[in-house]
Amino acid sequence: MSAAKKSDLGVTPLSEDVSAWYNELVFKAELADRGPAKGTMVVRPYGYRIWELLQGELDRRFKETGHENAYFPLFIPESFLKREAEHVEGFAPELAVVTHGGGKELDEPLVVRPTSETVIGEMYSRWISSYRDLPVKINAWNNVVRWELRPRIFLRTTEFLWQEGHTAHATEAEAMEETLTMFGVYDEVARDVAAIPMVTGEKTPSERFAGAVRTYTIEGMMRDGKALQSGTSHYLGQNFAKAFDITFQDEANALQHVHTTSWGMSTRMIGGVILAHGDDAGLVLPPRLAPIQIVIVPIGRDEQGEATRARARELAAELEAAGVRVHVDDRDASPGFRFNDWELKGVPLRVELGPRDLEAGHVLVAHRVGEVDDKGRPVKQAVAMDAVAATLPGWLDAYHDALLERARAFRDEHTATVDDWEAFAAQVAVGFAHAFHCGDEACEDEIKSRTTATPRCIPTEGPEEEGACVHCARPSAYGKRVVFSRAY
RNA sequence: CGGGAUGUAGCGCAGCUUGGUUAGCGCGCCUCGUUCGGGACGAGGAGGUCGGCGGUUCGAAUCCGCCCAUCCCGACCA
């Protein structure tokens, strides 16, 4: 196999061209495909399974924190959007508007929801009249449309899937508590499910959700040092309550506006998983989101092949009984091809079962990410056949921890505290920079035009301190350093 | 919308400069046979409005014009 020929297989190395790597990987790993209309995507079964697993993890936690699912309509009267001034202004450029229906021009155009604050606000105003009706805690799983000028599969498509939680509360304190609780849920899911260590914090005013009083974000670092906003939780104050007249009578019979929150995580998170963990060989999936956690590759042909395939199916049944998502790859392809194929698809553990293993009464297990030999191939560990079902589930958990640790180390290596402009510019070119900022939007804009970096958040972690703005030297705002980086 | 590039088989490309039989190559796909511990091999086969429209010409994938689409880099963004 010549070098030239080999490069036709697999994907462009991540280390060579992140953008090409990402695109090729999405297609070759059969995660998704481009839809016929610009900016749309088809999520293929392998990619959709990842989404289902993420949904399951989120949905369970939403229910545990007292939320119920409901569904709100795709079409929103255009006038609704206009009721909240900042909200319209924020979303106007990216709206898809339906002007015709049933062959006739509509009296009032319908907006395809870019998010549902407005319809939900309208409905809440109908449903809420007393403090006894509060809180209302609803989540919706749906699709939304935001017209994108530069689409990228999973990261930025015109239509995407997500969940949007919407709650209404009697007091600011309660609504803030809700906002932070869901913020914590996102951080937890990112860490414990997706194995991505997030930088958490509050958005600066310029990066805030249109119509929010406060926006909290989890920001993950991708393999190219760029940040990916992966989930946001907003305290909306009484902005939408006032725009949609969501009022209730309190215990003292006084009429008050509710305080609302909203929070969302989307299929963008799948892009985050790809970009946070992937490597030159392809996808690296965290076990809790992996459609296939363990693949068993039987080796050999004729009678030997029959024997290893039969044993592989037995092992698969045992692993399945132990709660593992397992697949037997008995395709009529060479072992080498199958190994590479599952590595491209990011399966955490591969079990090899050949005639020699059958003889020896063990299997060989290779980790997708782990120790490698001098040829760069995974070091394979022998596991006694009858210990497989008892051993490997624990290895999946350890593997999750190892991925998380690897991502954390990578992030920390690409994060620095900087105090002068030169260091700042150099740092945002490779990762995250903790720096003082004056808080002025014009100054943010200048930083952006000079470096393409933006303030990602005012981090939850980190000491309270003051200093001179890294760009204009004016006194810092926020009482803390701000995290700046390039972002998706 | 501004800047750059590209449209030829499912994917990746050559051919175009200098117009000329039947438009090629690699991968993938189908059939048969051999093959199974890191991307196997042989033989046979299917698959094309050369992005679209118009022009020049005896003749256009190739030259000219217009249009369309896609990708990359910016402005907007989960």
Side-chain angles (χ1 to χ4, degrees), chain A residues 1-2 4-12 17 19-20 23-24 27-28 33-34 36-39 89-95 114-115 143-152 154-164 186 203 206-207 209-210 215 217-220 228-234 262-272 281-282 297-306 308-309 330-344 350-360 363-364 366 372-373 375-378 380 445 448-449 452 454 487-488:
Chain A
M1 173 86 20
S2 71
K5 207 169 172 190
K6 185 150 193 165
S7 69
D8 278 354
L9 300 159
V11 289
T12 299
D17 182 343
S19 194
N23 284 323
E24 290 171 26
F27 300 139
K28 288 199 174 179
D33 207 342
R34 270 193 266 278
K38 183 182 165 78
E89 201 187 317
F91 282 106
E94 38 184 341
L95 293 180
T115 178
N143 57 338
V144 288
V145 167
R146 299 180 186 177
W147 216 255
E148 285 297 342
L149 305 174
R150 280 194 57 201
R152 294 202 71 186
F154 290 124
L155 299 173
R156 234 180 3 239
T157 46
T158 286
E159 178 193 3
F160 59 89
L161 303 180
W162 74 344
Q163 56 68 217
E164 45 178 325
Y186 289 149
K203 285 291 189 189
S206 66
E207 297 279 325
F209 174 75
T215 288
T217 179
I218 58 172
E219 303 275 332
L228 183 76
Q229 179 175 310
S230 307
T232 47
S233 185
H234 317 288
S262 68
W263 26 274
M265 183 177 273
S266 74
T267 40
R268 169 181 259 195
M269 188 69 185
I270 298 173
V297 181
I299 296 161
R301 54 188 303 275
D302 302 329
E303 294 81 20
Q304 285 189 324
E306 261 320 307
T308 57
R309 281 195 291 275
D330 57 4
R331 284 179 297 177
D332 182 22
S334 72
F337 178 89
R338 287 179 285 166
F339 296 167
N340 281 285
D341 196 39
W342 293 112
E343 283 168 8
L344 176 79
R350 180 180 69 243
V351 169
E352 300 177 16
L353 176 52
R356 295 202 295 273
D357 303 312
L358 209 53
E359 182 100 3
V363 296
L364 294 181
V372 292
D373 62 21
K375 274 181 276 185
R377 300 258 155 73
K380 300 170 189 180
D445 287 347
K448 183 171 187 182
S449 63
T452 79
T454 49
Y488 276 96

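If you're wondering where the values come from, they're calculated on a predicted model, not measured in any experiment. A note on names: the letters A, B, ... follow the listed sequences, proteins ahead of strands, and every chain is numbered from 1. We use all heavy atoms of the structure for the numbers below, so side chains are in, but hydrogens, waters and symmetry mates are not.
- The partner of B/U56, taking Watson-Crick or G-U wobble pairs whose two distances both stay under 3.5 Å, does not exist in any strand shown.
- Separating the C1' atom of B/C27 from that of B/C64 is a span of 36 Å, rounded to the nearest Å.
- Base pairing annotation: B/G28 forms no Watson-Crick or G-U wobble pair, as no partner gives both donor-acceptor distances under 3.5 Å.
- Distance alone, capped at 3.5 Å, places no donor-acceptor pair between the A/N23 side chain and the A/A20 backbone.
- The interatomic distance linking A/K375 (NZ) with B/G37 (P) rounds to 13 Å, in whole Å.
- Under the stacking definition used here (centres under 5.5 Å, planes under 30°), the residue A/F337 fails to qualify as stacked on the base of B/G38.
- Straight-line distance from the CH2 atom of A/W342 to the C1' atom of B/G37: 18 Å, rounded to whole Å.
- The CD atom of A/Q229 sits 9.5 Å away from atom OG of A/S266, with the distance rounded to the nearest 0.5 Å.
- Separation of the C1' atoms belonging to B/G15 and B/G48 is 15 Å when rounded to the nearest angstrom.
- The nearest heavy atom of RNA chain B to A/T157 and to A/G354 marks one nucleotide each, and the one closer to the 5' end goes with A/G354.
- One cannot find a donor-acceptor pair under 3.5 Å joining the base of B/G12 and the side-chain atoms of A/E24.
- Taking the P atoms as reference points, B/A23 lies 15 Å from B/U62, given to the whole Å.
- Applying the ring-ring contact (aromatic ring centres under 6.0 Å, His included) criterion to A/W263, with sequence neighbours excluded, gives A/F62, A/H67.
- At the heavy-atom level, A/P114 lies nowhere under 4.0 Å from the strands shown.
- Taking the C1' atoms as reference points, B/C13 lies 12 Å from B/G7, given to the whole Å.
- Every ring-ring contact (aromatic ring centres under 6.0 Å, His included) that A/F91 has, sequence neighbours left out, goes to A/H87, A/F209.
- In terms of heavy-atom proximity, A/K28 sits nearest to A/L344 at O-CD2, 3.7 Å.
- In terms of the side chain to side chain donor-acceptor pair (under 3.5 Å) criterion, A/T157 has no residue partners (sequence neighbours excluded).
- When both pairing distances are held under 3.5 Å, B/U62 makes no Watson-Crick or G-U pair with any nucleotide shown.
- With sequence neighbours left out, the salt bridge (Lys or Arg N to Asp or Glu O under 4.0 Å) criterion links A/R331 to A/D329, A/D341.
- When Watson-Crick and G-U wobble pairs are counted only if both distances are under 3.5 Å, B/U35 pairs with no nucleotide at all.
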Review item, nucleotides 75-77 of chain B N/O atoms under 3.5 Å of protein N/O:
unit_1: B/C76; atom_1: OP2; unit_2: A/K448; atom_2: NZ; d: 2.9

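- In this structure, A/F339 places its CZ atom 14 Å from C1' of B/A40, rounding to the nearest Å.
- In terms of the side-chain contact (heavy atoms from CB on, under 4.5 Å) criterion, residue partners of A/E207 (sequence neighbours excluded) are, by chain and number, A/K203, A/T204, A/T454, A/P455, A/R456.
- The CG-P distance, from A/D341 to B/A40, rounds to 11 Å in whole Å.
- In this entry the distance linking CE of A/M269 with C1' of B/A78 reads 12 Å, nearest Å.
- Checking B/A9 for Watson-Crick or G-U wobble geometry (two distances, each under 3.5 Å) identifies no partner in any strand.
- For B/A9 and B/U18, the P atoms lie 25 Å apart once the distance is rounded to whole Å.
- The separation between A/F209 atom CZ and B/A78 atom C1' is 10 Å, rounded to whole Å.
- Not counting sequence neighbours, the partners of A/T452 by the side-chain contact (heavy atoms from CB on, under 4.5 Å) test are A/R486.
- Nucleotides B/C25 and B/G2, compared at atom C1', are 38 Å apart to the nearest Å.
- A/E306 meets the salt bridge (Lys or Arg N to Asp or Glu O under 4.0 Å) test with A/R309; sequence neighbours excluded.
- Judged as a side-chain contact (heavy atoms from CB on, under 4.5 Å), and not counting sequence neighbours, the contacts of A/T267 are A/M41, A/W51, A/F154, A/F160, A/L161, A/I270.
- The nearest whole Å value for the distance from the CD atom in A/E343 to the P atom in B/G38 is 12 Å.
- Among the heavy atoms of the strands, none lies under 4.0 Å from A/L228.
- The partner of B/A46 cannot be assigned: no Watson-Crick or G-U wobble pair with both contacts below 3.5 Å exists in any strand.
- Distance noted for atom P between B/C50 and B/G3: 31 Å (whole Å).
- In this structure, CZ of A/R350 is placed 12 Å from C1' of B/G39, rounded to the nearest angstrom.
- For the side-chain contact (heavy atoms from CB on, under 4.5 Å) test, residues two or more places apart in sequence or in another chain that qualify with A/S334 are A/F337.
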Seminar exercise, completed: Counting primed atoms, P, OP1 and OP2 as sugar-phosphate and everything else as base, the B/S/- map of nucleotides 29-36 of chain B against protein heavy atoms under 4.0 Å is ------BB

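- The main-chain N or O of A/I299 is found under 3.5 Å from a side-chain atom of A/T308 such that the two form a donor-acceptor pair.
- Nucleotides B/C36 and B/G52 have their C1' atoms positioned 49 Å apart, rounded to a whole Å.
- The nucleotide B/C16 finds no pairing partner, because no Watson-Crick or G-U wobble arrangement with both distances shorter than 3.5 Å includes it.
- Contact annotation for A/R34: backbone-only contact, meaning every heavy-atom pair under 4.0 Å involves sugar-phosphate atoms and none involves a base.
- Partner assigned to B/C71 is B/G4, using Watson-Crick or G-U wobble distances below 3.5 angstrom.
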Restricting both atoms to N or O, compile the protein contacts to nucleotides 3-7 of chain B shorter than 3.5 Å, with distance only.
none

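- The existence of a salt bridge linking A/E352 and A/R350 is confirmed by a sub-4.0 Å separation between a basic side-chain nitrogen and an acidic carboxylate oxygen.
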